[in-house]
Amino acid sequence: MVQEVNSLSIGKQTKKLQDEFPDAYAELFEKKEEIKTFPPLPDAEHGKVVTRFPPEPNGFPHIGHAKALFINYEYAKMYSGKFILRFDDTNPAAEKLEYYDAFSKGLEWLGIKPDTVKKTSDDMEIFYDYAKKLIKAGYLYVCQCDPETVKQNRGLAKECGHRNIPAEDALQRWERMFSEFEEGDAIVRFKGDMVAANTVMRDPTMFRIVDAEHPLKGTKYRVWPTYDFVAPIEDSKDGVTHALRAKEYELRDDLYYRMLEAAKLRKPKLVEFSRLSLRGTPVSKRKIKPLVEQGLVDGWSDPRLPTLLGLRRRGILPEAIKEFVTSLGVSKSESEPTWDLLEAVNRKLVDPIAKRYFFVPDPVPLEVVDAPALQLKLKLHPDKNLGERNVATGKEFLISAKDVEALKEGDTVRLMELFNIKISRKNGEVTGKFAGMEVTASSKKIQWVTKDSMPFTVKIPGPLYIDEVYNKDSLQIVKGLAESACKSLPIGEIIQFIRFGFCRVDAPQVCILAHK
RNA sequence: GCUCCGGUGGUGUAGCCCGGUUAAGCAUUUCGGCCUUUCGAGCCGAAGAUCGCGGGUUCAAAUCCCGCCCGGAGCACCA
């Protein structure tokens, strides 16, 4: 018995085990599936955790947002808590209507359903109330220095005269900000500590006058709060228990808590994590925008970009983004993960659902002089039941120049899923002879198409930067022939061109290579 | 420059807070082998880190302490 089993190959042993003793198989192989989760959150109580994702609607969401998104969302889920999507839209000069929508769509695509969706600009009256309260209590003051002086004094750790104006007077100046003052004439500052080592605390700006039209509020308001005023109040009032934000906010923790103390509000827990950067890929809007504007990429959905739109167009599944981002964890250490990490995750997800087709780049004619004419049905997936396609073959084929290069006269190769051929002549074109149907142990297999094929273009996205230098060859175009069954491929379908890679159909007869 | 935060194999991460059978786990990558629709997946195996550097505490340190070096972020009337 033992001998009998051992005579089988490992693969067959495994198969036999799976077929005949499914329980044992499951125990051996399935249970080691690992569920990746985040480390426990400090002071988190099951059922009571509330997190939030507060994007500013001033650009398209990208993978960096996805990181913040999933960290907050997954923690809320992990503790059966709540997750809030909050648009931090208090800079009317920057916000645009289309971006609110872009974020909502992005979340939807990623499969994230917020328990609450809100806009910070809806709470303006609340902010005004707090402003008045805090001015009265002496925590805030109206500063009428010009912007340059403010900056200078901060550098010099110097207080200005407005700081000590009595509250009643300051309150009147606050009212004047709504009417007579012009943009730049006056701001509201938090009384921090002008000699603090952390310059964030040197009386940061809490309100300023912005006359730009707000996409949602129009010209209803012109005294707008800044992030530093809004974030702690919103988080606290919304019941956020854990505010998980990127590391660049770390220096503002102090201010965040001082604000809440001043306003006598509950303090959420702050947790920071490192920003995501992808090797060879600009992630921030600041870096992507010039590329779009200079036409160096095909808009915000260019597959070389880490925008959600770009990722999707490239054939990266939302689930892959989630797993990738989750694997990065919440650590504060800076790292520069590479695309192949994301691709590896995506490949695992896409492999079982991608239909297989033949694609021949740089086709070279092949004639098999004594080939039998065949009418066959080929499976669309080696082991999943995804249907089949019909192919009729004769004597004429096309194979890729690269495969031809590797062939010598006299070699035997197998036309994949078809039969073996022996190369009899090779000179620009290739001539061969039928060499049997059976699969021989070590035969090389190459993909092929018949004359009944169609031109197909594959775009291959690569890194936009190599060692910080713009890579002008970041997008390669490969032209070739795809088998006729590809005619009916819907846009958006993710397929695998055998021995070429996984691709997402981008347009009729055009696809984008996601990865090998 | 100042302030803060980081520094574990090529890459990402676990471990560090509560120092000891693990002198470093997992994933990715690369390379072999198996599997006969694959330069893919899966399976098996291998390669690869003395845990930034130098001191110290201790019987014992990636884990605690000190100094240094390197990297990142912030220093907006942006978020």
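Below, chain A is the first sequence line, B the second, and so on; all start at residue 1.
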Completion exercise
Winner on side-chain proximity to A:T205, out of B:A76, B:A14, B:U36, is B:A76

Practice task
Assess the side chains of A:S121 and A:D89: does a donor N or O sit below 3.5 Å from an acceptor N or O?
Solution key: yes

Handout entry: Out of B:U13, B:U28, B:G71, whichever nucleotide has its closest atom nearest the side chain of A:L341
Key = B:U28

Exercise for the section: For A:P57, report the nucleic acid contact type (base, sugar-phosphate, nothing); a contact means any heavy atom under 4.0 Å. Expected result: nothing

Practice task
Return the value, rounded to whole Å, for the distance between atom NE2 of A:H515 and atom C1' of B:G40.
Solution key: 10 Å

Exercise for the section: Look at all strands and tell whether A:A94 reaches a base, only sugar-phosphate, or nothing, counting heavy atoms closer than 4.0 Å. Expected result: nothing

Practice task
For the side chain of A:S333, starting at C-beta, report the closest nucleotide among B:G6, B:C4, B:A41.
Solution key: B:G6

Exercise for the section: Might you work through the side chain to side chain donor-acceptor pair (under 3.5 Å) test for A:D228 and A:T226, ending with a clear yes or no? Expected result: CA-CA 5 Å; A:D228 287 319; A:T226 60; 4.9 Å; no

Practice task
Please say whether more than 12 non-hydrogen atoms of neighbouring residues, nucleotides or ligands are located less than 6.0 Å from CZ in A:R275.
Solution key: no

Exercise for the section: Send over the distance from A:D253 CG to B:C5 P, rounded to a whole Å. Expected result: 10 Å

Practice task
Assign A:D203 to base, sugar-phosphate, or nothing according to its heavy-atom contacts below 4.0 angstrom with the strands shown.
Solution key: nothing

Completion exercise
When both distances are under 3.5 Å in a Watson-Crick or G-U wobble arrangement, the nucleotide paired with B:C64 is B:G56

Handout entry: Candidate nucleotides B:A73, B:A79, B:C75, ranked by approach to the side chain of A:L251 - the nearest
Key = B:A73

Problem - A:L244 CG to A:F273 CZ distance, which is reported to the nearest 0.5 Å - result: 6.5 Å

Practice task
Provide the distance between the two C1' atoms, one in B:G40 and one in B:A49, to the nearest whole Å.
Solution key: 30 Å

Completion exercise
The answer to which of A:E183 and A:R499 contacts RNA chain B further toward the 5' end, by nearest nucleotide, is A:R499

Problem - Gap in Å between the two P atoms, one belonging to B:A24 and one to B:C31, rounded - result: 26 Å

Fill in the blank from the handout: By the Watson-Crick or G-U definition, both distances under 3.5 Å, B:C4 is matched with B:G72

Practice task
Go ahead and name the base partner of B:C26; Watson-Crick or wobble counts if both distances stay under 3.5 Å, otherwise write none.
Solution key: B:G12

Exercise for the section: Write down the distance between CG (A:L328) and P (B:G12), rounded to a whole number of angstrom. Expected result: 9 Å

Exercise for the section: Could you tell me the separation between the CD1 atom of A:I466 and the CZ atom of A:R279, rounded to the nearest 0.5 Å? Expected result: 11.5 Å

Exercise for the section: Just say parallel, tilted or perpendicular for the rings of A:H65 and A:F103, cut-offs at 30° and 60°. Expected result: perpendicular

Handout entry: CZ-CG distance between A:F53 and A:N72, expressed to the nearest 0.5 angstrom
Key = 8.0 Å

Problem - Base partner of B:C18, which must satisfy Watson-Crick or wobble distances under 3.5 Å - result: none

Exercise for the section: Assign A:R347 to base, sugar-phosphate, or nothing according to its heavy-atom contacts below 4.0 angstrom with the strands shown. Expected result: sugar-phosphate

Exercise for the section: Rounded off to whole Å, could you give me the CD1-to-P distance for the A:I498 and B:G40 pair? Expected result: 13 Å

Practice task
Select base, sugar-phosphate, or nothing to describe what A:T226 touches, counting heavy atoms under 4.0 Å on all strands.
Solution key: sugar-phosphate

Practice task
Begin with the C-alpha distance, continue with both residues' side-chain angles, and end with the deciding distance and a verdict on salt bridge (Lys or Arg N to Asp or Glu O under 4.0 Å) for A:R208 and A:E183.
Solution key: CA-CA 8 Å; A:R208 78 291 204 196; A:E183 250 181 65; over 6 Å; no

Practice task
Assign A:E272 to base, sugar-phosphate, or nothing according to its heavy-atom contacts below 4.0 angstrom with the strands shown.
Solution key: nothing

Exercise for the section: Using the C1' atom as the reference point in each nucleotide, state the distance between B:C43 and B:C35 in Å, no decimals. Expected result: 8 Å

Problem - Mate of B:U50 where both pairing distances stay under 3.5 Å, Watson-Crick or G-U - result: none

Practice task
Please work out if A:Y249 contacts a base, only the sugar-phosphate, or nothing of the nucleic acid, heavy-atom cut-off 4.0 Å.
Solution key: base

Handout entry: Spacing of the P atoms in B:G19 and B:G55 (rounded, Å)
Key = 24 Å

Completion exercise
Here the distance between atom P of B:A79 and atom CD of A:E234, to the nearest Å, is 13 Å

Exercise for the section: Look at all strands and tell whether A:D351 reaches a base, only sugar-phosphate, or nothing, counting heavy atoms closer than 4.0 Å. Expected result: base

Practice task
Using both distances under 3.5 Å as the test, list the Watson-Crick or G-U wobble partner of B:G42, or none.
Solution key: B:C34

Exercise for the section: Return the nearest nucleotide to the side chain of A:E56; candidates are B:C78, B:G40, B:C77. Expected result: B:C78

Fill in the blank from the handout: To the nearest angstrom, the CD-P distance between A:E343 and B:U29 comes to 9 Å

Handout entry: Under-4.0 Å side-chain N/O to phosphate OP1/OP2 contact, A:K348 with B:U28
Key = yes

Exercise for the section: Pick base, sugar-phosphate or nothing for A:D185, based on heavy-atom distances below 4.0 Å to the nucleic acid. Expected result: nothing

Completion exercise
Ranking B:G74, B:U13, B:A79 by distance to the side chain of A:T90, first place goes to B:A79

Practice task
Would you indicate which nucleotide in B:U11, B:C5, B:G74 comes nearest to any side-chain atom of A:R279?
Solution key: B:U11

Exercise for the section: Quickly work out the A:R202 CZ to B:C4 C1' distance and round it to whole Å. Expected result: 14 Å

Exercise for the section: Give the nucleotide from the list B:U13, B:G71, B:G40 with an atom nearest to the side chain of A:E334. Expected result: B:G71

Exercise for the section: Please confirm whether any donor atom in the side chain of A:Q496 sits under 3.5 Å from an acceptor in the base of B:G40, or the reverse. Expected result: no

Fill in the blank from the handout: Judged by nearest nucleotide, the residue sitting upstream toward the 5' end of RNA chain B, A:R208 or A:Q447, is A:Q447

Practice task
Could you work out the separation of B:U30 and B:U36 based on their C1' atoms and round it to a whole Å?
Solution key: 24 Å

Exercise for the section: Establish, from distance only, whether the side-chain atoms of A:D88 and A:T120 form a donor-acceptor pair under 3.5 Å. Expected result: yes

Problem - Length of the CD-C1' vector between A:E250 and B:G6, whole Å - result: 9 Å

Practice task
Check every strand shown and say whether A:K247 touches a base, only sugar-phosphate, or nothing at a heavy-atom separation below 4.0 Å.
Solution key: base

Practice task
Provide the distance between the two P atoms, one in B:G72 and one in B:U8, to the nearest whole Å.
Solution key: 14 Å

Fill in the blank from the handout: Against the side chain of A:R154, the closest entry in B:G12, B:A76, B:G40 is B:A76

Practice task
Mind checking A:P337 for me? I need base, sugar-phosphate or nothing, with any heavy atom below 4.0 Å counting as a touch.
Solution key: sugar-phosphate

Handout entry: Closest listed nucleotide, where the reference is the side chain of A:V150 and the choices are B:C77, B:A76, B:A73
Key = B:C77

